[in-house]
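The next block holds one structure in the form of structure tokens; read it before the comments.
Each chain gets a letter, A, B and so on, in the order its sequence line appears, and its residues count up from 1. Everything quoted here is computed from the prediction, not taken from an experiment.
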Amino acid sequence: MKFPLTSWNLTPKEAVEAQKEWRSLVRIEPPTREIHTIAGADISFNRFSDVIYSAIVVLSLPELRIIETASVRSTAKFPYVPGLLSFRETPSFLECWEKLRTKPDALMLDGQGLAHPRRFGIACHIGLILDLPTIGCAKSILVGQHITLGGEAGSQSPLVDKTEVVGVALRTKKNVAPVYVSAGHRVDLNSAVDLALRSVTRYRQPEPTRQAHLLVNQLRRDDKG
DNA sequence: GCGACAG
DNA sequence: ATCTTGTCGC
């Protein structure tokens with residue numbers, strides 16, 4: 001390993017090399033233990049500002065009751081570059097994670113896992129750092145394609161990139177755009193989709209990331225005044 | 001060279 | 001991601 005898993009002072013070019021190196025560490029397998037709690041994480045910021053807000057919400061399964069929340073205001077030190085999202089968001093996420101007392105059995109990230117050009121999206125990166133089962137649940141595609149989905153909730157189709165199934169397009173709500181689920185670390189695609197489905201209520205986004213999104217935006221607004 | 005491109 | 005009001009549909 002040339003780069004430690006938590007190297008943040010890298011140039012975009014080095015970051016790409018680091019991802020190629022780290023991707024072999026990712027383990028795609030069914031979760032080791034049953035998952036009774038799942039957390040969702042999200043970040044938010046103001047345009048033209050490097051101040052970013054991060055939030056994590058831990059929920060119980062199958063009740064989906066909020067057990068604990070944590071949030072933090074920090075500074076972004078890496079630009080947004082498609083394919084290198086984790087280098088921008090993870091430092092802030094980790095600060096927030098430190099404040100969390102209840103460590104969840106699994107984590108859902110707003111972004112990709114294996115559905116990434118180098119098969120190393122933010123869900124893989126954070127999963128490796130925390131050595132925790134993680135799944136990516138993105139609102140749009142980074143790589144891959146899928147056939148048209150049925151309009152009913154629960155409809156799904158494999159997300160394929162260059163002959164490889166990297167995730168699943170999942171319609172979580174009737175006649176509403178699907179979300180894209182992929183495995184991060186220590187989970188396989190089937191369990192990732194199952195976890196996502198178990199976390200869905202009446203909205204497009206599963207509760208973990210939806211609640212984290214609501215909380216982080218609340219923090220950002222309150223911080224403005 | 002051209003188009004695509006998580007948040 | 002963020003900038004933003006009303007409006008169409010279940």
Side-chain angles (χ1 to χ4, degrees), chain A residues 8 12-13 15-16 19 22-23 26 40-56 71-94 96 107-127 134-146 150-155 159-162 166-185 192 196 200-206 208-210 212-224:
Chain A
W8 309 118
K13 191 166 291 186
V16 168
Q19 292 182 322
W22 297 333
R23 63 182 170 189
V26 174
D42 192 27
I43 65 97
S44 178
F45 56 85
N46 293 311
R47 194 138 88 139
F48 306 130
S49 168
D50 57 356
V51 172
I52 61 175
Y53 304 84
S54 187
I56 300 175
S71 58
V72 68
R73 170 194 159 133
S74 44
T75 304
K77 299 174 180 176
F78 196 91
Y80 168 67
V81 179
L84 300 179
L85 179 66
S86 69
F87 291 88
R88 175 179 173 75
E89 304 192 345
T90 304
S92 177
F93 163 82
L94 290 176
C96 193
L107 219 201
M108 179 183 286
L109 285 305
D110 199 341
Q112 316 292 348
L114 289 185
H116 177 280
R118 289 170 292 284
R119 308 294 180 260
F120 199 77
I122 190 170
C124 301
H125 198 165
I126 289 180
T134 53
I135 75 176
C137 184
K139 297 180 295 302
S140 63
I141 295 173
L142 212 208
V143 295
Q145 305 181 315
H146 65 86
E152 68 281 13
S155 178
L159 180 62
V160 181
D161 180 41
K162 305 177 183 300
V166 296
V168 161
L170 177 65
R171 180 101 59 198
T172 54
K173 179 176 179 177
K174 184 179 180 181
N175 294 339
V176 167
V179 292
Y180 303 90
V181 178
S182 57
H185 180 56
V200 170
T201 59
R202 70 168 73 176
Y203 306 96
R204 180 198 184 199
Q205 198 71 16
T209 45
R210 193 180 82 83
H213 189 265
L214 290 174
L215 177 59
V216 79
N217 276 317
Q218 184 63 58
L219 172 67
R220 181 170 61 82
R221 294 170 194 143
D222 293 346
D223 196 55
K224 271 186 174 178

Ignoring backbone atoms, establish whether [X] has a side-chain N or O less than 4.0 Å from OP1 or OP2 of [N].
| X | N | value |
| --- | --- | --- |
| Asn217(A) | dA1(C) | no |
| Ser44(A) | dT2(C) | yes |
| Lys174(A) | dC10(C) | no |
| Arg88(A) | dA6(B) | no |
| Arg47(A) | dG7(B) | no |
| Tyr80(A) | dA6(B) | yes |
| Ser86(A) | dA6(B) | no |

Atom pair distance, as rounded to whole Å: [atom1] in [X] and [atom2] in [N]:
| X | N | atom1 | atom2 | result |
| --- | --- | --- | --- | --- |
| Arg221(A) | dT2(C) | CZ | C1' | 11 Å |
| Lys139(A) | dA6(B) | NZ | P | 10 Å |
| Leu84(A) | dA1(C) | CG | P | 18 Å |
| Ile126(A) | dG7(B) | CD1 | P | 14 Å |
| Ile141(A) | dA6(B) | CD1 | P | 10 Å |
| Asp161(A) | dA4(B) | CG | C1' | 12 Å |
| Arg202(A) | dG9(C) | CZ | P | 21 Å |
| Tyr53(A) | dA1(C) | OH | C1' | 14 Å |

Using a 4.0 Å heavy-atom cut-off, does Leu109(A) contact any base of the nucleic acid, only the sugar-phosphate backbone, or nothing at all? nothing
When all nucleic acid strands are considered with a 4.0 Å heavy-atom cut-off, which category describes Gly136(A): base, sugar-phosphate, or nothing? nothing
Would a line drawn from the ring center of His125(A) to the ring center of Trp8(A) be shorter than 6.0 Å?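 Yes, the ring of His125(A) comes within the 6.0 Å limit of the ring of Trp8(A), centre to centre.
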With a 4.0 Å cut-off, would you call Lys139(A) and Asp110(A) a salt bridge? yes
Using a strict 4.0 Å threshold on nitrogen-to-oxygen distance, state whether Asp161(A) and Arg119(A) make a salt bridge. yes
Which sits closer to the 5' end of DNA chain C, Asn46(A) or Asn175(A), going by the nucleotide each is nearest to? Asn46(A)
Full working for side chain to side chain donor-acceptor pair (under 3.5 Å) between Asn217(A) and Ser44(A): CA-CA 6 Å; Asn217(A) 276 317; Ser44(A) 178; 3.0 Å; yes
Six-ring centre of Tyr80(A), Arg88(A) cation under 6.0 angstrom, axis tolerance 45°: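 Not flagged: Arg88(A) not positioned over aromatic ring of Tyr80(A).
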Select one nucleotide: of dA6(B), dG7(B), dT2(C), the one nearest the side-chain heavy atoms of Pro82(A).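 Among dA6(B), dG7(B), dT2(C), the one nearest the side chain of Pro82(A) is dA6(B).
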